[in-house]
Asks: 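Take this structure first; my questions come after.
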Amino acid sequence: MTATDTPAWPQCGHLDAGGHCRGHRVAPYTACLAHLGSAERAAHLASLAPGADLDHRGTPFTQGLLDALLAPLRDPASGRARVGNAAFDETRFTGDAELDDIDFGGSCSFASAVFDGGLYAREVRTEGDFRLAAARVAKDVWLDDTDVGVDAWFYEARITGTLRFCVREVGGTAMFRGVTCAAAYFSGVRVCGIASFNGAVINGEADFAGAVFEDGATFETARIAGRACFDGTHFHRSRACFNGADIGGGMPFAEAHFAAEATFEGAAIGGDLTFTGARLESGVDFRRTVFRRTARIGPLVCPGTVDFSHAVFETALTLETAAREVRCRQTRWASTAALRLRHAAVDLSDAVTEFPVTVSGRPRPFVSPHGEAMAEPELLTDLPVRITSVTGVDAAHLVLADTDLTDCLFVGTVHLDQLRFEGRCRLPQPPDGLRWTRRQTLAEERHWRGWAPAPSGADPHEPATLAPVYRQLRKALEDGRNEPGAADFYYGEMEMRRHDTTTSRGERTLLGLYWVLSGYGLRATRALAWLVLAMTATVLTMMLWGLPRTDPDPVSTGTTDGRRITLTTRKPTPVNPEGPYTKRLSASRFEKSLRVVANSVIFRASGQDLTTTGTYVEMTSRLVEPALLGLAVLAVRSRVKR
């Protein structure tokens, strides 16, 4: 209320240099308490008794006048003043105002009051509200060892100095919306209703250590220039809301308790956030939060979701979190970061990494500064860290260490060939059974084959899309000298090419043959099985039709002319075997056939006389069987190469 407003009470008729006094008339007089004559004032004060209501709105006060007003209200035995309802709205206090040892049976209001000095209240009790709304205080406001029965109203108060709200209990709500002060201390306060600091401006530090907010607390768009301490603070029943807040320093929450969600959406935080020993019963929301100079967050143990979507980290960061889920969708890291996580499902969709960012699974619980393992209630302690998506990420600066990639989506990742895997990163396997080859696969292939359902709202990707993903991941593992893992991704790439309907039929047929014979040169047992089968078939063919009935002996013929003899030696054409097949399957014929086949595998001629059928069979085996042996050797090499 401004000086031009007409007050809602009977106005003092005193006229001074500033105009008419706005003070409330003291009945039955025409002047306020400050402008009463000495006799009239004495008479009025003498009429007061402990428990009387006070209405001195707009009245100018000094400490002397305030003491004189409270003197007749004090109990001689206890020395405490007892007041009913007290209205000091729009009063102006010259110098410091001290309220000591007062019991208000109703409310006490200093709304729109002006203090040239400070306001100091000690051992004050109010059964009703305590109001300092829209007041202007030139120095400090101290409420020490005070109890407020119902609500505390400080909204829009302007305090040049420090606000020390060391109130034991506020029975209702505590409203500090839009309050401005140099520093604020609320340590140990208990607020039975909701506490609101929305839009508050604290130009220094703020201390809420040990405070208890029974119905939660909101700090939306609050600005705290320094450190905001919440060590041991309890937020019961409702959430702790810091949406849009601007905190210049750190925010320690050691040993704090959050019975509901904690939200920091759109906030700006200038320092570290520590949650050592904190107990959270729900999630934490950091969406669109800007971390300006935050070097460390955690250790944070959360049974729900920790959401960093759209958040910005401007400096190097270490994040330690044990949670059910960690979301980093479109999160931006403008410096290096190390995310040390436990149990969480991590979504990195469309995250921006300008410097190396490491996401690693931590095998052991986090440790408090006292060396004790931090408890992890409501979390499955044997569950590994699971990456659910890196879609849209520029993987050139991304490192995944000791994580489970069973459900990870890779399609749409940029520079996937530069993704680094450290430690043991688990990838999904095909279903059990002889039908499927054991290998590392991608979640997208599992969705396409129907081995696992695709995420809600997403369609399975076709082989033409998955082939280049496998190819890039293969290169990433090859660059990391993980040849066996790269071999599995090569197998996946070839599988996708074989099933790609946009590929020509001839190429798909060739790939199918390559797969059948040796699993794309990666399955030694398959190539060896075909080799054994081919050699067995060749041996049987040789025994049945390839070896002649008997080894032909050379025959020599000659002529003589009386002085010279001319001899010609030739070997008869091998005679095809005859008789029952059972007689052809003899031990001697098996030994000869085996010698022919063994020589053909190593590109050597057997030197054995063969029938025409046997000759062509040997030629074929010398082409096919060494190739199968080479495929088997290649497959073994791919598994042992380093």
Side-chain angles (χ1 to χ4, degrees), residues 197 200-202 204-206 208 218-231 233 239-254 256 258 261-276 278 280 283-302 304-323 325-342 344 346-360 362 366 393-394 397-399:
F197 298 85
V201 177
I202 302 173
E205 68 175 9
F208 297 87
T218 63
F219 295 81
E220 292 190 55
T221 67
R223 290 196 294 119
I224 301 175
R227 180 174 179 264
C229 178
F230 292 89
D231 288 340
T233 305
R239 65 176 181 166
C241 179
F242 298 88
N243 295 348
D246 188 339
I247 312 298
M251 297 184 72
F253 289 93
F258 298 85
E261 186 182 23
T263 63
F264 297 79
E265 184 176 352
I269 300 174
D272 296 348
L273 283 84
T274 57
F275 293 86
T276 305
L280 292 91
V284 184
D285 184 356
F286 290 103
R287 286 178 297 169
R288 291 189 292 277
T289 301
V290 177
F291 297 91
R292 292 172 178 158
R293 293 176 298 279
T294 303
R296 185 181 183 88
I297 298 178
L300 171 61
V301 178
C302 175
T305 299
V306 181
D307 196 342
F308 291 98
S309 298
H310 302 273
V312 177
F313 296 92
E314 296 183 349
T315 58
L317 169 77
T318 298
L319 170 64
E320 295 181 327
T321 298
E325 182 180 3
V326 175
R327 292 178 187 160
C328 295
R329 299 170 184 166
Q330 298 187 39
T331 303
R332 178 173 172 261
W333 285 278
S335 187
T336 58
L339 279 62
R340 300 168 184 167
L341 309 176
R342 284 179 56 77
V346 186
D347 187 349
L348 297 169
S349 300
D350 300 308
V352 178
T353 57
E354 300 178 21
F355 291 85
V357 174
T358 302
V359 181
S360 61
R362 180 183 171 94
F366 297 113
V393 178
D394 186 341
H397 300 293
L398 184 60
V399 181

Asks: Taking only residues at least two apart or on different chains, which pairs with a member in residues 306-318 satisfy salt bridge (charged side-chain N to carboxylate O under 4.0 Å, His left out)?
Replies: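 Passing the test, one end in residues 306-318: D307-R327.
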
Asks: How would you list, by chain and number, every residue that makes a salt bridge (Lys or Arg N to Asp or Glu O under 4.0 Å) with D246, sequence neighbours excluded?
Replies: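 So D246 forms a salt bridge (Lys or Arg N to Asp or Glu O under 4.0 Å) with R292.
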
Asks: With sequence neighbours left out, write down each residue that passes side-chain hydrogen bond (donor to acceptor under 3.5 Å, both in side chains) with R287, or none if nothing qualifies.
Replies: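 Per chain and number, R287 pairs via side-chain hydrogen bond (donor to acceptor under 3.5 Å, both in side chains) with E265, D285.
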
Asks: Excluding sequence neighbours, so at least two apart, what forms ring-ring contact (aromatic ring centres under 6.0 Å, His included) with F275?
Replies: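 Testing F275 for ring-ring contact (aromatic ring centres under 6.0 Å, His included), a comparison that skips the adjacent residues, returns F253.
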
Asks: What heavy-atom pair brings A222 and F197 nearest, and what distance separates the two atoms?
Replies: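 Nearest heavy atoms, A222 then F197: CB-O, 3.5 Å.
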
Asks: Quick one: side-chain hydrogen bond (donor to acceptor under 3.5 Å, both in side chains) partners of N243, sequence neighbours excluded?
Replies: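 Here the qualifying residues are T263.
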
Asks: Rounded to the nearest 0.5 Å, what's the gap from SG on C302 to CD on E325? Could you check?
Replies: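 It comes to 10.5 Å.
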
Asks: Nearest heavy-atom pair of R239 and E261: which atoms, and what distance?
Replies: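 Here R239 and E261 meet closest at CB-O, 2.8 Å.
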
Asks: Nearest 0.5 angstrom please: S335 OG to F291 CZ, how far?
Replies: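 Going from the OG atom of S335 to the CZ atom of F291 covers 14.5 Å.
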
Asks: How long is the gap from CZ on F219 to CD1 on I247, to the nearest 0.5 Å?
Replies: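 So the CZ of F219 and the CD1 of I247 are separated by 8.0 Å.
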
Asks: Side chains of residues 346-353: which donor-acceptor pairs under 3.5 Å do they make with residues two or more places apart or in other chains?
Replies:
from	atom 1	to	atom 2	distance (Å)
D347	OD1	S349	N	3.0
D347	OD1	S349	OG	2.6
D347	OD2	R329	NE	2.7
D347	OD2	R329	NH2	3.3
S349	OG	S389	OG	2.9
T353	OG1	D394	O	3.0

Asks: From F313 CZ over to F355 CZ, what is the distance, rounded to the nearest 0.5 angstrom?
Replies: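 Here the rounded value is 15.5 Å.
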
Asks: Checking A334 now: which residues fulfil side-chain contact (heavy atoms from CB on, under 4.5 Å) with it, not counting sequence neighbours?
Replies: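 So A334 forms a side-chain contact (heavy atoms from CB on, under 4.5 Å) with R332, E354.
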
Asks: Test of understanding: with side-chain hydrogen bond (donor to acceptor under 3.5 Å, both in side chains), list the residues that count as partners of E320, not counting sequence neighbours.
Replies: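 Partners of E320 under the side-chain hydrogen bond (donor to acceptor under 3.5 Å, both in side chains) test: R296.
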
Asks: Could you state the interatomic distance from CD1 (I269) to CD1 (I224), rounded to the nearest 0.5 Å?
Replies: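 Separation between the atoms: 10.5 Å.
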
Asks: If you compare all heavy atoms of F264 against all heavy atoms of T289, which two are closest, and at what distance to 0.1 Å?
Replies: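 Nearest heavy atoms, F264 then T289: O-OG1, 2.6 Å.
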
Asks: Distance check, rounded to the nearest 0.5 Å: I297 atom CD1 versus L319 atom CG?
Replies: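 Here the interatomic distance stands at 5.5 Å.
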
Asks: Test of understanding: with side-chain contact (heavy atoms from CB on, under 4.5 Å), list the residues that count as partners of A337, not counting sequence neighbours.
Replies: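 For A337 the side-chain contact (heavy atoms from CB on, under 4.5 Å) partners, ignoring immediate neighbours, are L317, W333, L339, V357.
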
Asks: Check side-chain hydrogen bond (donor to acceptor under 3.5 Å, both in side chains) between R362 and all other residues, then give those that pass, not counting sequence neighbours.
Replies: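 In terms of side-chain hydrogen bond (donor to acceptor under 3.5 Å, both in side chains), with neighbours along the sequence ignored, R362 is linked to no residue.
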
Asks: Grab the two heavy atoms, one from A311 and one from F286, that are nearest each other, plus how far apart they are.
Replies: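 So the minimum-distance heavy-atom pair works out to CB-O, 3.7 Å.
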
Asks: Do you know the tightest heavy-atom contact between T315 and T294?
Replies: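 Heavy atoms of T315 and T294 come nearest at OG1-O, 3.3 Å.
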
Asks: What's the shortest heavy-atom distance between P299 and T276, and which atoms?
Replies: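 Nearest pair, atom of P299 first, then T276: CD-OG1, 3.6 Å.
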
